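FYI, the numbering just counts along the sequence from 1. No experiment lies behind these values; they were computed from the predicted model shown.
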Amino acid sequence: MHDKSNGQDYLQPYEAAVAEHGPGFKATLWGTERAQRARFDVMIDLVDFADAMIVDAGCGQGDFAAHLLERDVAFGAFHGIDAMPEMIQTAQDRALDRCSFSAADFVVHPTVMGELSPNWICFSGTLNTMGDPMAQTLIRAAYDIARDGVIFNFLSNRPHARWGDRDLTPARRFDTVAWIDWALGLSSRVAWTQAYLDGHDSTILIRHDEDAA
């Protein structure tokens, strides 16, 4: 599989973090583990993952998989994909139940997200170093692949004032209202929240319309 950035801008911050810190939490570029878990909990609250085949695109060291297991979520199977092979090795070494991992650049090769015919494709923190066109192309590809839908988070441009002076480099904020409008262009079955972390972050869930009763 294709597992190196070949100069892709969106991967360079992660390559630098792995080189500096090794394949651990700091290389995920999350601020704190508490905030990471909060984002995971929002996804778990919005989606019924019971018996589902989940693909985590940008899985890092497998923290979402571990959190699902800690929360006793009865998912069917989980597959994490990340372009950093060092992170994938760390994830594999955790030997998490019902979980597998592989190294690939799903931005360049989005079909790798569909090899296991997932119900849900999840992105947590994955979009933070991308521009809107690239991120929307990726989410659209995942939406077309996933049987049930996609769920993803990003840094909101409508946060509480306490986040105003925070240096987010190399991440960036997205126009939250524009993204909700874009999501509604794909499906009428859209859920959104940023009622966590004081609006620092937004999560959007897009379900396929054809699954409606």
Is it the case that the side chains of [Y] and [X] hold a donor-acceptor pair, with the cut-off being a distance below 3.5 Å and no angle test?
| X | Y | value |
| --- | --- | --- |
| Trp192 | Ser202 | yes |
| His79 | Ser102 | yes |
| Asp132 | Trp179 | yes |
| Arg39 | Asn153 | no |
| Gln36 | Asp63 | yes |

Problem - For Thr193, all residues meeting side chain to side chain contact (heavy atoms under 4.5 Å, CB included), sequence neighbours excluded - result: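 Side chain to side chain contact (heavy atoms under 4.5 Å, CB included) list for Thr193, sorted by chain: Val42, Leu46, Ala195, Tyr196, Thr203.
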
Is there a side-chain contact between [X] and [Y] in this structure, where contact means two heavy atoms from C-beta onward sitting under 4.5 Å apart?
| X | Y | result |
| --- | --- | --- |
| Trp163 | Asp198 | yes |
| Ile139 | Met134 | no |
| Ile180 | Leu184 | yes |
| Trp120 | Val55 | no |
| Phe152 | Leu205 | no |
| Met113 | Pro118 | no |

Check: [X] side chain, [Y] main-chain N or O, donor-acceptor pair, under 3.5 Å:
| X | Y | answer |
| --- | --- | --- |
| Thr90 | Glu86 | yes |
| Arg172 | Asn128 | no |
| Gln61 | Ile88 | no |
| Asn119 | Met53 | yes |

Problem - Ion pair check, Arg140 and Asp144, cut-off under 4.0 Å - result: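 Yes, charged N to carboxylate O under 4.0 Å.
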
Practice task
Indicate yes or no: does Arg189 engage Asp148 in a salt bridge with an N to O separation below 4.0 Å.
Solution key: no

Practice task
Please say which of Asn157, Leu155, Leu127 ends up in a side chain to side chain contact (heavy atoms under 4.5 Å, CB included) with Phe174.
Solution key: Leu127

Exercise for the section: Check Ile204 against Ile206 and note the closest heavy-atom contact, atom names and distance. Expected result: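 For Ile204 and Ile206, the tightest heavy-atom pair comes out as CG2-CG1, 3.9 Å.
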
Handout entry: Exceeds 12 heavy-atom contacts within 6.0 angstrom, atom CZ of Arg158
Key = no

Exercise for the section: Please round to the nearest 0.5 Å and tell me the distance separating atom CE of Met130 and atom CZ of Phe123. Expected result: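 Those atoms lie 8.0 Å apart.
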
Exercise for the section: Measure from the ring center of Phe40 to the ring center of Phe64 and say whether it is less than 6.0 Å. Expected result: yes

